[in-house]
Number of protein chains: 2
Amino acid sequence: MQNFIHPDMKDVTLDAVLYALADPARRAIVRALAADRACEGTGLSCNAAAPPDLPKATMSQHYAKLRAAGVVRATRKGVSVIHTLRCDEINAKFPGLLPAILGAVDV
Amino acid sequence: MQNFIHPDMKDVTLDAVLYALADPARRAIVRALAADRACEGTGLSCNAAAPPDLPKATMSQHYAKLRAAGVVRATRKGVSVIHTLRCDEINAKFPGLLPAILGAVDV
DNA sequence: TTCGTTAATTCAATAAATCCGAACAATTGA
DNA sequence: TCAATTGTTCGGATTTATTGAATTAACGAA
């Protein structure tokens, strides 16, 4: 599985970010990571941030898409993979986007 | 084809809106409608707002998704279908979302 | 070192969504 | 009524998503 590849911010497109955030499961993950950052800020394992009933293969694909889109960053820590939101970077490139999406009352 | 159905704003979900805006062709349409509103404000025909090289079957599907998501409103005017952005409504329900997306330099 | 456990990824098969040419429908003007 | 214009709908090929099963990775204990 090797170490994770994260796109440089100059290669992160609005298209990919919106696509990544257009899925409710992925948005739930991003919300959890955002909440974690606001509190602990230590990052969360895949399982910790994903919706509880999500099959793990599906979960893993969602994380792969979030990483590829440049939305999250992953590092291995023991048997877990810890994810953090690339919050400041996204905010710098797409000002207001994350707040607008995370702030919305998701229906 | 009948008259177009537009969802009531209470039934418009963030999920659907983000999904609609996650596609570059649809975002191009929305940008064109936003620009029109800023200038003429009269609405644009499908062809006028869509990317020029888009096959019309595809274009039509994109508009259908934008309508279903609650992002645009359509009315028939002669042989044309005129679309307008449901700008204020979306802004009221998802504050900051449209500005963040339309304001971004699309890559 | 070798198991066993936990955590996540990859594979492969199926299911669902998208794209677009061709046919169709709606409207207008001649 | 006919032709032209503008979109929509249909159908099939292509692409993408989902998920169970197999696999990889890291760790701790014996």
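In the text below, chain A, chain B and the rest are named by the order of the sequence lines, each starting its count at 1.
The CG atom of A/Asn47 sits 12 Å away from the P atom of C/dT6 (whole-angstrom rounding). Atom CG of B/Leu44 is separated from atom C1' of D/dT6 by 15 Å (rounded to the nearest Å). Separating the CD1 atom of B/Ile82 from the C1' atom of D/dT6 is a distance of 10 Å, rounded to the nearest angstrom. The interatomic distance linking A/Leu66 (CG) with D/dA17 (P) rounds to 12 Å, in whole Å. Nucleotide C/dA8 holds its P atom 11 Å from the CD1 atom of A/Ile29, rounded to whole Å. Distance, A/Asn3 CG to C/dA8 P: 15 Å, rounded to whole Å.
Each ring-ring contact (aromatic ring centres under 6.0 Å, His included) pair with one or both residues in residues 29-56 of chain B, not counting sequence neighbours, would appear here, but there are none. Residue pairs that meet the ring-ring contact (aromatic ring centres under 6.0 Å, His included) test with at least one member in residues 20-49 of chain B, sequence neighbours left out, do not exist here.
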Compile the donor-acceptor pairs under 3.5 Å between side chains in residues 78-89 of chain B and protein atoms, sequence neighbours left out, one pair per line.
from    : atom 1 : to      : atom 2 : distance (Å)
B/His83 : NE2    : B/Arg67 : NH1    : 3.1
B/Arg86 : NE     : B/Glu89 : OE1    : 3.0
B/Arg86 : NH1    : B/Pro7  : O      : 3.0
B/Arg86 : NH2    : B/Pro7  : O      : 3.1
B/Arg86 : NH2    : B/Glu89 : OE2    : 3.1
B/Asp88 : OD1    : B/Arg37 : NH2    : 3.4
B/Glu89 : OE1    : B/Arg73 : NH2    : 2.9
B/Glu89 : OE2    : B/Arg73 : NH2    : 3.4

Throw together a table of side-chain donor-acceptor distances under 3.5 angstrom for residues 44-61 of chain A, partners on residues two or more places apart or in other chains.
from    : atom 1 : to      : atom 2 : distance (Å)
A/Ser45 : OG     : A/Ala48 : N      : 3.1

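Between A/Ser60 and B/Tyr19, the residue whose closest nucleotide on DNA chain C is further toward the 5' end is A/Ser60.
Out of C/dA8, C/dT27, D/dT8, the shortest distance to the side chain of B/Val81 is found at D/dT8. The side chain of A/Val79 approaches D/dA26 more closely than any other nucleotide in the set D/dT8, C/dA8, D/dA26.
Heavy-atom minimum distance, A/Arg31 versus A/Leu102: NH1-O, 2.8 Å.
Geometrically, B/Arg26 does not engage B/Tyr63 in a cation-pi contact, judged by NZ or CZ lying under 6.0 Å from the ring centre and within 45° of the ring axis.
Under the side chain to side chain donor-acceptor pair (under 3.5 Å) criterion, A/His6 pairs with no residue, sequence neighbours left out.
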| remark: Heavy-atom contacts, protein to nucleotides 18-23 of chain D, under 4.0 Å, summarised as B (base), S (sugar-phosphate only) or - (none) per nt, yield SBBB--
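Between A/Arg67 and C/dT9 there is a side-chain N or O to OP1 or OP2 distance below 4.0 Å. Side-chain N/O atoms of B/Ser45 include one lying less than 4.0 angstrom from OP1 or OP2 on D/dG7.
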